Amino acid sequence: MNKLDFKKEYEKRICAIDEYIENFLESLDDIEPVLKDGMKYAVLNGGKRLRSIICCEICRCICGSEKAAMPYAAAIEFIHAYSLVHDDLPAMDNSDFRRGLPSCHKKFGEDIAILVGDALLNTAFDLMLAYSEKTTNGLDAMKIISKNSGICGMINGQMRDLGMLKKNVITKEDLLKLIEQKTMALIRGAALSGGLIAQADSKVLENIDKYAYHLGLAFQIRDDFEDFDEDEAQEHECPNFINIFGENKAKELLDYNIRESYKFLDALKNNEFLIALGNYLFPEVK
Ligand code: GRG
């Protein structure tokens, strides 16, 4: 897929997810307008839609349509958005900006931002539940998303992250364990839920999981390279792949994991868009 076609396809997919999310949120009645505005602000303003697109695209590669995956993809975006809203709060990462705009608590106040995060998480499960009986493997898809975003995944990863701040020595194993849950788990949940809804067999699901594992790891290393530059500017050092593994090793790991992710995509038919997505996110890895 050439760059121009990819851009068009990517835009198309972002629009489809945003339209679904917007229509869904609009259809909810009797909600305090500020709560709905906060939810829309947190989920719709910018963002790459990486996890939801992966969920839909994996489904499309296997069964030819992404339609059945859409409610799950939207739910994953809700969960991702809630995690960002809560992560930005003063009690967590204390970030004033998100996606180039004031973070949710800066725009709406801390009290409302906490409720916006809660509402996004709860709504994600409402949405998945509404489809779980009429979608083949819908319940399994919901379970994998729940597991990967909850106390066996993202929430525990965030807890480990908080614990790191109190540790004097952080090992490579500590960092990997933290990232596997905080960042990679939701990406794996997104990919696997798409595969489950497409009724992929266990061998295909294994390949999908490995694809998402390697992509998720590379994604975090890239994020750490970006944070590392910011941290240097702030003269304060957070534990990340660059200061724990060293710049060269971190770069080597990033390249290795992207190449591995492509290997596991080979097992999927119609994988052109996902390969092009990898090239777009990591243009330096050939
Ligand atoms: C509060 C339970 C809870 C969890 C927070 C996601 C997270 C856990 C923290 C965000 C901080 C961070 C540096 C995460 C690692 C990489 C990451 C998830 C970046 C943001 O994801 P993108 O780049 O965001 O996909 P967009 O804005 O494109 O949707």
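All ligand and atom numbering here is 1-based and tracks the order in the structure. Every value quoted in this text rests on a predicted model; they were computed, and no experiment measured them.
Proximity annotation for atom 23 (O) of ligand 1: of E226, E77, M92, K48, K48 comes nearest, heavy atoms only.
A cation-pi arrangement is present between R13 and F273, with the terminal nitrogen or guanidinium carbon under 6.0 Å from the aromatic centre and inside a 45° cone about the axis.
Between the side chains of T171 and D174, at least one donor N or O lies within less than 3.5 Å of an accepting N or O. Side-chain contact, Q158 with D87: a donor N or O sits under 3.5 Å from an acceptor N or O.
Annotation: atom 3 (C) of ligand 1 to nearest protein heavy atom, Q158 CG, 3.9 Å. The protein heavy-atom contact nearest to atom 13 (C) of ligand 1 is D223 OD2, 3.2 Å. In terms of protein heavy-atom proximity, atom 1 (C) of ligand 1 is nearest to S83 O, 3.5 Å. Atom 15 (C) of ligand 1 has its closest protein heavy atom at Q220 OE1, 3.2 Å. Among all protein heavy atoms, the one lying closest to atom 24 (O) of ligand 1 is H80 NE2, 3.4 Å. The single protein non-hydrogen atom nearest to atom 2 (C) of ligand 1 is Y82 OH, 3.5 Å, given as residue, atom name and distance.
Considering L277, L265, I258 in turn, I258 is the only one that fulfils the side-chain contact (heavy atoms from CB on, under 4.5 Å) rule with L215.
By the 3.5 Å distance cut-off applied to N or O atoms, R51 is counted among the residues near ligand 1. The N/O atoms of R99, backbone and side chain alike, include one that comes under 3.5 Å of an N/O atom in ligand 1.
Proximity of R49 to ligand 1 is not established, as no heavy-atom distance is less than 4.0 Å.
Identified under the ring-ring contact (aromatic ring centres under 6.0 Å, His included) test for residues 103-140, with sequence neighbours left out: Y41-F108. For residues 240-251, the pairs satisfying salt bridge (charged side-chain N to carboxylate O under 4.0 Å, His left out) are K249-E252, K251-D255, with sequence neighbours left out.
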